[in-house]
Amino acid sequence: MKASDEERRNDAVIIRTEGLTKHYVLGAETVRAVRQIDLTIERGEFVAIMGPSGSGKSTFMNMIGCLDTPTAGKYWLNGQLVSDLSDDQLARVRNREIGFVFQTFNLLPRATALHNVELPLIYAGVGSKERRRRAEEKLELVGLADRMDHKPPEMSGGQRQRVAVARALVNEPALLLADEPTGNLDSVTSEEIMAQMETLNENGQTIVLVTHEHDIAAHARRQVHLKDGLVEQDFLNEPVETSA
Amino acid sequence: MLLFEIVMVAMGAVRANVLRSVLTTLGIVIGIAAVITMVALGEGAQQRVQEEINRMGTTILTIRPGQQMWGGVSRGDAQLSVEDAIALRAGSDGLLKVSPEQQSRMQVTYGRYNSNTQIMGVWPEYFEMYDHQLEAGRFFDQGEVQGRRRVAVLGYNVPETLGGTPPELLVGSTVQIRGIIFEVVGILEEKGDAAWIRPDDQIFIPQSTAQYRVMGGRDRLNSIYASTETPEELDQAFAAIDGIMRREHRIRVGEDADFNIRNSADLLETRNEANQTFALLLAGIAAISLIVGGIGIMNIMLVSVTERTREIGVRKALGATKRAIMTQFLVEALFLCTLGGLLGVAAGYGASELVTRMAEWDTSVAPEAVFTAIGFSAAVGLFFGLWPARRAAMLDPIDALRYE
C-alpha cells in the first residue's frame, strides 16, 4: 500500500482510478454502467476513450469529469482524491482542474465569445481585467482574435467549438476533457479541431477524448476501449501521419 | 466581485425579456401602489384629524347627555341642566373652565335682511376655551349672563349673511333673533371649520338669555364644555367631571352613567371610520396583489429556470457552486420585484395625487412608506424566488447539460 500511495502522489499522474464503479437503480433493476475500472493517465497523454452506446463510456466520462460521483471505488485527479467530495467541492475541482469541450458546444447564446471564455474565470473569482486578458489570449490561441465580440449564433460550428476549446483552456486545467467534440461538425472542420487538439497536446496539455469514431480516436496517442462497463482494450496508437 | 457578475447576469436575463418581465411585475406594481396609496391616505387623514383636533381644542372635554338607565331599561335621554354646569364650575377647584351650550336654529333679521342661523347660548368662558378672537367689539361678560341681557356676538361669516354690513358698523346696532331685539356687541375673527362645528356661522348669546327669552324656558342643554389649561390635566379633569356629574345625577359608583364625556379625538373617531374602512380595503388589495404578484414571480422564475436548464448545466460544469446558481436566480427575482416596487411607488404616488384632486382627501406620501414598500417588494421577491432558485441550484449538471 505504501508504494501505491507514493505512486498516487506522483506528479506525472493526472488520472488514477481504482475499482471505479457506478450502479444506477432503474425501478427494480440495477444497471451496472461502470464496473471496476482501474485506469491511470499520465501528464501529457492524449487518450481516446472509445466504446459503443451502453459501454459505460459516458458514465465513466462523467465521473472523470467530476460531474458524477462513483458508487464505489476511488478516483484521484491531479493528486487529489475526488471520489468522496461534495457537490460544491466537485464544482471547484471542475473549475480549477478540468476544461470541458462538449459535442453541442454548450456556449451561452446571448453572451459574446469573450464573455463565454471568461465564464470559468468568473467562478474562479478572477478580477475583470485579468479575466479579459486571459480570455483574449486563449481566443487568439484558437485563432479567433477577430471574433471576440461575436455571439455564438453569429458563428459557424467550427468557430463555436473553438470558442469552447478556448473556454476549456482558460483556467489552465490539468485535464482537457472532450466529449464527442466533432460530433456536430463536418469532416473538414472536425480535422481542424482535432489538429488543434494535437497541437495543444504537443505543448503538454493532457487530453481525454471520448468518441465512438475510429478516425477521430486515431488522433490520440492511446486508446482505451470500454465494453459493458469494463476496459476491453488499452493500447497505444501506431504513430500515424496526420491527414490535415 | 463575483456578486457583481451575478447581478449583471441576472439583469441581463431580465433585459432579454423586457415585456415578460414587466408583465410579471404587474402584480407587485399594483400591490405596492395600493400600499403607497393606503399609507398616503392614512397619513393625510391623520394630519387632517390632528389639525381638526388642534382647532377644536386639545384640552376640551365635551359632556353630552346619554341614556338614562333604570334596572337595565332605557328611560329615555337623560338631561343636562345649567345646575350641572354650575356644579362643575364650582366643584372643580379652578381646574376647569366650564360653559353650557344650548343651541337652536332661528330666524335672524337685520333691517331687511334675514337668515336662518344657529344660535348658541353659552357662557363667556366658551370664547376663552375655543380661543376666539374679536374682529370688532367685545365679548359679553358674566354680568350680562346673570342679567339675561339681550346681547349677541356674531361669528365671522354672519355679517355677510346680513347684507354685508362692515363689522365696525354692525357693532352697536341691533338684530332680531326670533323677533327679539338683541344688541350686537362683538364680531369674532375667522376660525374655520372643525368637524361639524362651524363657529363662523353662529351667533353667540348668553345662555340664560337663550333659555329664558329665546327658547321659551327650555332648560335642557345640548352639551357642557369643560377645558383644562394643559392636555396633561385631562385625565384628572375627566375623573373630576365624572365624580361631580354622578353626584349631581345621583348615580352610584358601578352604575352606568347617564352622560358621556369625550375629548376632541374621540369625537372625530367616528368620522375617521370611513377612512379606515377604505384603508383596510386597500390593505386587503395590497396583500392579495402582493401574494398573487409573488406567485407570478415564482411562476416566471420557474419558467426561467426550465428555459435555462442547459445554461445552468454549463455554468455548473464550468465550476458554478450551488450558492452561485442560487444567488443568480434569487437576484433575478429580487431585481424583478424591486423593479415592480419602484413602478408601484410611482403608480401609488400618482394614485394619491389623483385621490387628492378628485375626492379632495388629504394624502401624504411619507418617505418611510416608500422605503418600506420597496423593502417589502424585495422581501416578496426573496420569498417567492427562493424555491425556483433552489430548484436551479439543485439541478444535476449531467441532466441539465443533456436537457433539450
Side-chain angles (χ1 to χ4, degrees), chain A residues 22 24 33 58-59 61-63 65-69 85-112 115-131 151-152 163-164 167-171 173 177 179, chain B residues 1-21 300 303-332 335-336 389-404:
Chain A
K22 183 73 181 181
Y24 294 109
S58 289
T59 307
M61 189 215 69
N62 286 337
M63 286 192 285
C66 292
L67 290 165
D68 206 353
T69 47
L85 295 184
S86 71
D87 288 355
D88 278 354
Q89 285 170 322
L90 285 176
R92 273 178 215 115
V93 170
R94 287 196 295 271
N95 184 250
R96 275 201 313 268
E97 307 283 4
I98 304 171
F100 288 95
V101 177
F102 301 97
Q103 177 176 357
T104 51
F105 321 134
N106 279 332
L107 300 173
L108 301 186
R110 285 199 303 265
T112 61
H115 185 79
N116 265 293
V117 177
E118 279 185 31
L119 210 52
L121 297 175
I122 289 177
Y123 291 116
V126 177
S128 64
K129 268 188 194 159
E130 173 70 0
R131 234 162 42 209
K151 291 178 180 173
V163 173
R167 180 179 67 184
L169 293 172
V170 77
N171 253 356
L177 188 56
D179 179 17
Chain B
M1 177 67 72
L2 182 58
L3 190 69
F4 175 73
E5 301 299 334
I6 287 171
V7 170
M8 292 309 287
V9 167
M11 278 168 61
V14 172
R15 260 208 311 271
N17 274 307
V18 176
L19 182 66
R20 187 171 89 180
S21 304
I300 218 71
V303 169
S304 181
V305 168
T306 307
E307 272 181 355
R308 286 150 70 194
T309 300
R310 247 330 235 275
E311 178 193 322
I312 295 163
V314 172
R315 289 179 183 279
K316 287 198 141 191
L318 299 181
T321 54
K322 281 183 185 147
R323 194 204 188 108
I325 298 290
M326 185 133 172
T327 312
Q328 179 187 332
F329 283 90
L330 262 188
V331 166
E332 193 176 322
F335 183 68
L336 274 177
R390 215 184 109 80
R391 231 167 99 135
M394 288 303 177
L395 278 176
D396 181 54
I398 300 166
D399 295 339
L401 279 169
R402 231 181 265 142
Y403 186 85
E404 289 300 326

Quiz prompt | Closest-packed option against chain A by number of heavy-atom pairs under 4.5 Å, given Val9(B), Leu318(B), Thr321(B) | solution = Leu318(B)

Exercise. Give a yes or no on this: more than 12 heavy atoms of other residues, nucleotides or ligands lie within 6.0 Å of atom CZ of Arg310(B).
Key: yes

Exercise. Specify the closest pair of heavy atoms between Ala13(B) and Arg110(A), including all atoms of both residues, with the distance to one decimal.
Key: CA-NH2, 4.1 Å

Quiz item: Between Thr104(A), Ile98(A), Asn171(A), which shows the greatest number of heavy-atom pairs under 4.5 Å with chain B?
Solution: Thr104(A)

Self-check item: Criterion side chain to side chain contact (heavy atoms under 4.5 Å, CB included) against Leu67(A), the qualifying member of Ile398(B), Asp396(B), Asp399(B)
Solution: Ile398(B)

Quiz prompt | Gap between atom NZ of Lys316(B) and atom CG of Asn95(A) - 0.5 Å precision | solution = 14.0 Å

Quiz prompt | chain A contact via Ala324(B) - which portion, at a heavy-atom distance below 4.5 Å | solution = side chain

Quiz item: What part of Arg402(B) gets closer than 4.5 Å to chain A, counting heavy atoms only: side chain, backbone, both or neither?
Solution: side chain

Quiz prompt | Heavy-atom proximity to chain B below 4.5 Å, by part of Leu108(A) | solution = side chain

Quiz item: Take atom CZ in Arg323(B); do more than 12 heavy atoms of anything else shown fall under 6.0 Å from it?
Solution: no

Exercise. Identify, with sequence neighbours excluded, every residue that meets ring-ring contact (aromatic ring centres under 6.0 Å, His included) alongside Phe100(A).
Key: Phe102(A)

Quiz prompt | Inter- and intrachain pairs under salt bridge (Lys or Arg N to Asp or Glu O under 4.0 Å), touching residues 85-108 of chain A, at least two apart | solution = Asp87(A)-Lys322(B)

Quiz prompt | Rounded distance [0.5 Å steps], CG in Asn106(A) versus CZ in Arg315(B) | solution = 12.5 Å

Self-check item: Smallest separation among heavy atoms of Ala91(A) and Ala320(B), with atom names
Solution: CB-O, 3.7 Å

